Amino acid sequence: MIERVRAVLVTADDTMLVIRRTKPGIPEYWVLPGGGVEPSDESREAALHREIHEEIAGRADIIRLLHTMETDDERQLFYLARIVTWSFDDRTGPEFSSEGRGEYALEEVPLTLEGLDGIDLKPEEIAHVLRGAVGAGSLGVEASL
């Protein structure tokens with residue numbers, strides 16, 4: 001089974017970092033930073049730290065596992081994390097040098113219902129989970145700091 005890790009990266013200004021994906025012939029959409037767990041990763045959390053470093057040259061404090069999505073062949077784990085530093089100019093992930101992968105643009109989106117409704121966050125299931133948590137005030141970032 002393929003495992004992927006992604007993070008809801010909350011900034012000090014209570015926005016979240018998302019990556020706007022633009023591909024030819026496909027409406028733009030947004031994803032959370034993250035990627036595949038590799039055999040060399042010591043843990044899922046280590047994989048997430050590596051992915052955050054590759055994708056946004058960032059460092060984050062992982063707060064907790066927020067949500068898990070599973071199909072027959074893939075498991076995605078979504079973590080809540082506080083982003084400490086980042087620099088999109090210094091990203092190193094292999095996807096950025098691959099031809100035909102489209103554009104990756106880092107954006108800050110308000111962690112509010114309006115902010116979430118203003119983007120097409122994929123997968124839809126995590127967008128739904130975030131809307132519910134933000135609407136209920138139960139995301140819990142503040143209590144974890």
Side-chain angles (χ1 to χ4, degrees), residues 1-39 41-88 91-96 98 100-145:
M1 175 177 289
I2 297 170
E3 281 198 328
R4 300 186 190 285
V5 289
R6 298 206 173 272
V8 176
L9 295 173
V10 182
T11 70
D13 295 328
D14 290 324
T15 61
M16 75 173 174
L17 297 180
V18 292
I19 297 174
R20 179 174 36 91
R21 296 286 285 120
T22 307
K23 297 179 180 181
I26 299 174
E28 68 183 6
Y29 62 96
W30 287 256
V31 295
L32 299 170
V37 176
E38 297 177 359
D41 292 322
E42 293 180 15
S43 66
R44 294 170 178 148
E45 291 80 7
L48 186 58
H49 284 296
R50 177 184 49 74
E51 286 288 343
I52 291 168
H53 177 74
E54 288 176 0
E55 291 192 0
I56 62 173
R59 188 172 63 79
D61 294 326
I62 297 172
I63 297 170
R64 64 182 170 92
L65 180 63
L66 181 65
H67 186 69
T68 302
M69 285 177 41
E70 195 165 322
T71 62
D72 289 338
D73 57 352
E74 182 179 78
R75 178 182 301 129
Q76 290 194 68
L77 298 108
F78 295 87
Y79 289 85
L80 181 63
R82 180 65 79 171
I83 188 73
V84 179
T85 60
W86 70 91
S87 171
F88 205 54
R91 60 193 177 173
T92 61
E95 60 270 25
F96 304 117
S98 299
R101 296 290 304 253
E103 294 180 27
Y104 293 73
L106 185 67
E107 296 183 354
E108 283 185 66
V109 173
L111 197 48
T112 62
L113 290 176
E114 295 80 14
L116 291 167
D117 287 343
I119 63 172
D120 184 14
L121 183 63
K122 300 291 185 190
E124 178 58 37
E125 185 174 328
I126 193 61
H128 180 74
V129 167
L130 282 174
R131 282 186 193 99
V134 167
S138 62
L139 200 54
V141 178
E142 302 79 20
S144 302
L145 300 177

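All of these numbers come straight from a predicted model, not from anything done at the bench.
- Residues I63 and R82 come closest through the heavy atom pair CD1-N, 4.1 Å.
- Between the side chain of E38 and the main chain of A47, no donor-acceptor pair closer than 3.5 Å is present.
- Considering CD of E3 and OG1 of T68, their distance stands at 9.0 Å, rounded to 0.5 Å.
- In this structure, the separation between CD1 on I56 and CD on E54 is 11.5 Å, given to the nearest 0.5 Å.
- For the atom pair OG1 (T15) and CD (E107), the distance works out to 11.5 Å, reported to the nearest 0.5 Å.
- When all heavy atoms of A127 and L121 are compared, the pair lying nearest together is CB-O, 3.8 Å.
- For the pairing with R75, the side-chain contact (heavy atoms from CB on, under 4.5 Å) check across R44, R4, M69 returns one residue only, R44.
- Considering every non-hydrogen atom in both P33 and L9, the closest pair reads CG-CD1, 3.7 Å.
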Would E108 and W86 count as a side chain to side chain contact (heavy atoms under 4.5 Å, CB included) if you check the C-alpha gap in whole Å, the side-chain angles of each, and the deciding distance to 0.1 Å? CA-CA 12 Å; E108 283 185 66; W86 70 91; 3.9 Å; yes
Using the rule given for side chain to side chain contact (heavy atoms under 4.5 Å, CB included), can you reason through I26 versus R21, listing the C-alpha separation, both sets of side-chain angles and the distance that settles it, and then say yes or no? CA-CA 9 Å; I26 299 174; R21 296 286 285 120; over 6 Å; no
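- Here the OG1 atom belonging to T112 is positioned 11.5 Å from the CG atom belonging to L130, to the nearest 0.5 angstrom.
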Apply side chain to side chain contact (heavy atoms under 4.5 Å, CB included) to residues L48 and D41 and explain how you reach the verdict. CA-CA 9 Å; L48 186 58; D41 292 322; over 6 Å; no
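- Looking at L113 and R131, their side chains come closer than 4.5 Å, going by heavy atoms from C-beta outward.
- Heavy-atom contacts from other residues, nucleotides or ligands closer than 6.0 Å to CD of E42 number 12 or fewer.
- Residues Q76 and P123 share a closest heavy-atom pair of NE2-CG, 4.5 Å.
- Figure legend: R20 and Y29 shown without cation-pi pairing, the cationic atom not lying both under 6.0 angstrom from the six-membered ring centre and within 45 degrees of its axis.
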Mind running side chain to side chain contact (heavy atoms under 4.5 Å, CB included) on Y79 and R64 for me, showing each step along the way? CA-CA 6 Å; Y79 289 85; R64 64 182 170 92; over 6 Å; no
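- How far CH2 of W30 is from CD1 of I119: 6.5 Å, rounded to the nearest 0.5 Å.
- Looking at every heavy atom in both residues, L111 comes nearest to V10 through CD2-CG2, 3.7 Å.
- Between V109 and G115, the shortest heavy-atom distance links the atoms CG1-O, 3.4 Å.
- Of the candidates I83, L139, L116, V134, M16 forms a side-chain contact (heavy atoms from CB on, under 4.5 Å) with just one, namely L116.
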